[in-house]
Amino acid sequence: MSTVCANGEQPGTSARSNSVIFREVTQEINSNLQTLVESVFPNIFHENMFDIAYKMGELVRIAYIDDQLAGFHYVQGVGSALIQYAISFGRAMKKDIQLHVEVGNTTAQQFYKQHGFIETERDETYYDDPPRAAFVYTKKFNE
């Protein structure tokens, strides 16, 4: 677990320097975070994500490099714990689990593949604003 300074900052490291600082999400930072994320990942995140990030408190941190907003992270491991719970439930019920992943979201695709999901179909109109395709990933238990 990392140490957080009294002012809410958390020292970090980088390959190029030791100037990465993690700060909690505040309402003031939230609009800057939204601008940054939308410029890098247009139309990927729903606008409510930023309000959720603010409400998650210690589970989300904003990264700064030399006092410039550089990115953010959510606590790691939560997704794995949740998917393991779903897998245990599916296994106990002997029911397949299906989920949708946006075609361009290779990080999520890799995550689900690592947990034994396979791509089983493609839905060209799963997302509607703007229209985007999604893969259907399935974890099979009834075979």
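Everything numeric here is computed off the predicted structure, so don't read it as measured data.
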Test of understanding: clusters of I, L, V, M, F, W, Y form through side-chain heavy atoms closer than 4.5 Å, transitively. Do Leu99 and Tyr126 belong to the same one?
no
Shared hydrophobic cluster for Ile97 and Val136 (ILVMFWY, side-chain gaps under 4.5 Å)
no
Over all heavy atoms of both residues, which pair between [X] and [Y] is shortest? Give the atoms and the distance, please.
X: Gln109; Y: Glu102; result: NE2-O, 3.1 Å
X: Lys140; Y: Asp96; result: CA-OD1, 3.2 Å
X: Val101; Y: Ala108; result: CG1-CB, 3.7 Å
X: Phe141; Y: Ile87; result: CZ-O, 3.5 Å
X: Arg122; Y: Ala133; result: NH2-CB, 3.8 Å
X: His100; Y: Tyr127; result: O-OH, 4.4 Å

Looking at Tyr64, is Arg23 sitting on its ring face, NZ or CZ under 6.0 Å from the six-membered ring centre and within 45 degrees of the normal?
yes
Please check if the distance between the ring centroids of Phe117 and Tyr112 is under 6.0 Å.
yes
[atom1]/[X] to [atom2]/[Y] distance, rounded to the nearest 0.5 angstrom?
X: Asn105; Y: Arg132; atom1: CG; atom2: CZ; answer: 10.0 Å
X: Ile118; Y: Thr120; atom1: CD1; atom2: OG1; answer: 6.5 Å
X: Glu121; Y: Thr138; atom1: CD; atom2: OG1; answer: 7.0 Å

Between Tyr137 and Phe135, what is the ring plane arrangement, given parallel below 30°, perpendicular above 60°, and tilted in between?
perpendicular
Please assess Gln84 against His115 for the test side-chain contact (heavy atoms from CB on, under 4.5 Å), listing each intermediate value before the final yes or no.
CA-CA 8 Å; Gln84 287 302 324; His115 290 280; 2.9 Å; yes
